[in-house]
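Notes to accompany the following structure.
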Amino acid sequence: MHDIRFIRDNPELFDAAMARRNIDPVAQDILALDTERRHIQTELQTQQSRRNDVSKEIGKVKGSGGNAEALMAEVADLKHSIPALEAEDARLEQALTSHLMGLPNILEDFVPEGADEADNELLRVVGSPPSFSFTPLDHVALGEALGQMDFASAAKLSGARFVVLQGQLARLERALASFMLDIHTTEFGYHETVPPVLVRTQTMTGTGQLPKFEEDLFRTTDDRWLIPTAEVPLTNLVADSIIPRTDLPLRMTAYTPCFRAEAGSAGRDTRGMIRQHQFSKVELVSVVAAEESDAELDRMTACAETILQRLELSYRVLRLCNGDTGFSAQQTLDIEVWLPGQNDGEGMFREISSCSNCGPFQARRMKARTRVEGEKETAFVHTLNGSALAIGRCMIALLENGQQEDGSIMLPKALHSYMGTDKLVPSA
RNA sequence: GGAGAGGUGGCCGAGUGGCUUAAGGCGCACGCUUGGAAAGCGUGUUGGGGUUAACGCCUCACCGGGGUUCGAAUCCCCGUCUCUCCGCCA
């Protein structure tokens with residue numbers, strides 16, 4: 001959510017920022033509501049103050065046996081006007097809040113200009129793709145040849161966009177989660193967490209999924225929501241709190257399933273494990289002081305990159321353009337891994353991680369603040385989140401990059417101890 | 001799922017309609033005291049919003065939302081969470 005005081009002081013800047021999000025000027029409408037609301041509040045509070053004074057006076061008069069009827073008659077009038085003003089104030093606040101809640105975060109100035117992913121800015125390419133003496137297969141062919149990746153059975157159980165993994169691939173899921181969590185906790189200081197995957201509406205609103213993106217989510221019959229990412233519960237852990245400045249930064253990591261309705265993705269990535277309704281992911285969340293968030297984004301991205309490097313996968317890092325940056329982010333860096341089996345064996349880069357600095361945007365929605373010990377002023381924290389990494393897409397990358405002509409899959413050294421072997425072979 | 005008891009400041013805890021400006025304690029900060037420290041004494045110590053050049057003034061908030069009343073932490077209704085017991089269950 002946005003700071004109404006910023007909009008009051010900089011309406012043109014605000015509209016310019018929203019223009020980068022393809023949103024028509026809104027500052028004038030917002031400020032009209034704001035001005036009217038403050039006018040109502042002033043009048044309301046004047047009347048409340050009068051009511052409080054008179055009520056006290058009535059108490060005193062009655063206590064000393066006097067006649068308070070004149071005073072009570074005065075308050076009788078206020079009893080009509082105060083509720084009316086309260087209702088008007090509530091209406092205006094609601095209108096203002098719903099307006100502000102629906103507007104995306106302001107982008108950093110250096111976010112590149114562009115309509116979609118084709119316009120993202122390439123920051124670096126790391127590693128080099130493996131070369132094959134044969135045409136590499138995609139993960140579907142490889143996984144099914146292993147007899148360990150079963151889309152037909154998943155469709156029987158759950159419909160499209162699900163998968164059943166078995167044998168070594170099932171273990172690989174577990175191994176990857178352990179491998180990633182071990183690095184983040186022991187080398188990078190993230191606090192391992194197991195959060196709920198069902199959350200309340202208020203929690204989804206705190207990180208920005210609601211009220212605008214309901215159609216992307218699964219909702220339960222008792223009015224909870226399945227998380228689309230562990231960013232939601234992890235970040236909301238600091239909602240409604242004031243964190244001592246000395247406790248920052250907070251760094252949390254969690255391995256959770258993620259659920260996405262993929263309502264707007266009909267026909268996209270229908271083959272294989274690239275885009276599923278359910279997938280698992282190791283997520284990183286940082287809660288930091290304002291002045292630290294830019295550096296924290298670089299740090300977080302480096303943590304995600306470390307995983308890819310240890311897995312000996314090549315990748316590239318991009319800064320997303322305005323058209324491709326998500327609702328809550330002020331800046332996003334994507335990591336795309338090389339998948340040699342895609343594009344009919346030509347290979348292509350696909351997103352495997354997305355690291356975002358949300359600045360104070362989510363913190364303001366969830367009232368997450370910090371304070372320097374001994375000072376009175378509080379400040380909204382900055383929140384960041386990143387995948388490190390998406391497990392399913394990581395598995396795809398390992399299969400497609402490690403494939404051998406005989407159909408077996410060579411695993412990177414880092415996983416040997418987690419897998420108890422150095423390669424994947426077809427199930428007996 | 002059933003029955004009961006609860007939710008008050010950073011923490012503990014008093015408070016069954018006005019004397020609450022939320023008692024008292026703990027913790028914390030500052031000061032006095034001291035050679036220094038402890039103890040003791042004193043002062044201060046929630047958050048959001050409106051208004052103001054500023055000091056300040058006002059308002060809201062005692063889990064959340066409604067209601068009764070001139071006036072609600074206190075009474076009523078709904079919701080929510082916690083605890084105890086029962087049932088069920090991994």
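Since the structure is predicted, the reported quantities are computational estimates derived from the model, not experimental observations. Chain letters run A, B, ... following the sequence lines, proteins first and then strands; every chain starts at 1.
Taking atom C1' on both nucleotides, G15(B) is separated from G6(B) by 16 Å, rounded to a whole Å. Comparing the same atom, C1', in U69(B) and in G42(B) gives a spacing of 42 Å after rounding to whole Å. Comparing the C1' positions of G48(B) and C12(B) gives an interatomic distance of 26 Å, to the nearest angstrom. Spacing between A5(B) and C63(B) at atom C1', rounded to whole Å, works out to 16 Å. Between U45(B) and G24(B), the distance separating the two C1' atoms is 16 Å to the nearest Å. For the P atoms, the distance linking G4(B) with G18(B) amounts to 29 Å, nearest Å. Rounded to the nearest Å, the gap between the C1' atom of A14(B) and that of U20(B) is 12 Å. Rounded to a whole angstrom, the distance from the C1' atom of G64(B) to that of U8(B) is 15 Å.
Dashed line: the shortest gap from a side-chain N or O of T46(A) to OP1 or OP2 of G50(B) is not under 4.0 Å. Within the structure, every side-chain polar atom (N or O) of R371(A) is placed at least 4.0 Å from both OP1 and OP2 of U46(B). Within the 4.0 Å cut-off from OP1 or OP2 of G50(B), not a single side-chain nitrogen or oxygen of T42(A) is found. For the OP1/OP2 pair of U59(B) and a distance below 4.0 Å, the side-chain nitrogens and oxygens of R38(A) include no atom meeting the criterion. Here N52(A) does not reach the OP1 or OP2 of G71(B): none of its side-chain N or O atoms lies under 4.0 Å away. An OP1 or OP2 oxygen of U46(B) is reached within less than 4.0 angstrom by no side-chain nitrogen or oxygen of R369(A). Side-chain nitrogen and oxygen atoms of R51(A) include none within less than 4.0 Å of the OP1 or OP2 phosphate oxygen of C58(B).
Nucleotide C60(B) holds its P atom 17 Å from the CD1 atom of I40(A), rounded to whole Å. Between the C1' atom of G65(B) and the CD atom of Q94(A) lies a distance of 14 Å, rounded to the nearest Å. Rounded to a whole Å, the NZ atom of K367(A) is 16 Å from the C1' atom of U46(B). Taking atom CD1 on I243(A) and atom C1' on G10(B), their separation rounds to 15 Å, with Å as the unit. Here G49(B) presents its C1' atom at 11 Å from CD of Q48(A), a figure rounded to the nearest Å. Here C60(B) presents its P atom at 9 Å from CD of E86(A), a figure rounded to the nearest Å. Rounded to whole Å, atom C1' of G71(B) lies 14 Å from atom CD of E74(A). Spacing between atom NZ of K56(A) and atom P of C58(B) amounts to 9 Å, rounded to whole angstrom units.
Base-pair partner of U82(B): A5(B) (Watson-Crick or G-U wobble, both distances under 3.5 Å). Using Watson-Crick or G-U wobble geometry with both donor-acceptor distances under 3.5 Å, U45(B) finds its partner in G27(B). Here A90(B) sits opposite no nucleotide as a Watson-Crick or G-U wobble pair (both hydrogen-bonding atom distances under 3.5 Å). Using the Watson-Crick or G-U wobble rule with both distances under 3.5 Å, A72(B) pairs with nothing in any strand shown. Checking C32(B) for Watson-Crick or G-U wobble geometry (two distances, each under 3.5 Å) identifies G40(B) as its partner.
Atom CD of E86(A) sits in a crowded spot, with more than 12 heavy atoms from other residues, nucleotides or ligands closer than 6.0 Å. Other residues, nucleotides and ligands contribute more than 12 heavy atoms inside 6.0 Å of the CD atom of E187(A).
Residues M149(A) and H139(A) approach most closely at SD-O, 3.7 Å, considering heavy atoms.
With G49(B), C81(B), C58(B) as the choices, the nucleotide that has an atom nearest any side-chain atom of R5(A) turns out to be G49(B). Side-chain proximity of I58(A) to the nucleotides G50(B), U80(B), C70(B) is greatest for C70(B).
Here the two rings, on F259(A) and H277(A), have centers that are 6.0 Å apart or farther.
A salt bridge is defined here as a Lys NZ or Arg NE, NH1 or NH2 lying under 4.0 Å from an Asp or Glu carboxylate O, and D334(A) with R319(A) fails to meet this definition. The pair R5(A)-D9(A) does not count as a salt bridge, with every side-chain nitrogen at least 4.0 angstrom from each carboxylate oxygen. A salt bridge does not link E74(A) to R51(A): none of the charged nitrogens lies less than 4.0 Å from a carboxylate oxygen.
Between G59(A) and Q45(A), the one whose closest nucleotide on RNA chain B sits nearer the 5' end is G59(A). Remark on RNA chain B: of its neighbouring residues R8(A) and M72(A), the 5'-side contact belongs to R8(A), judged by nearest-heavy-atom nucleotide.
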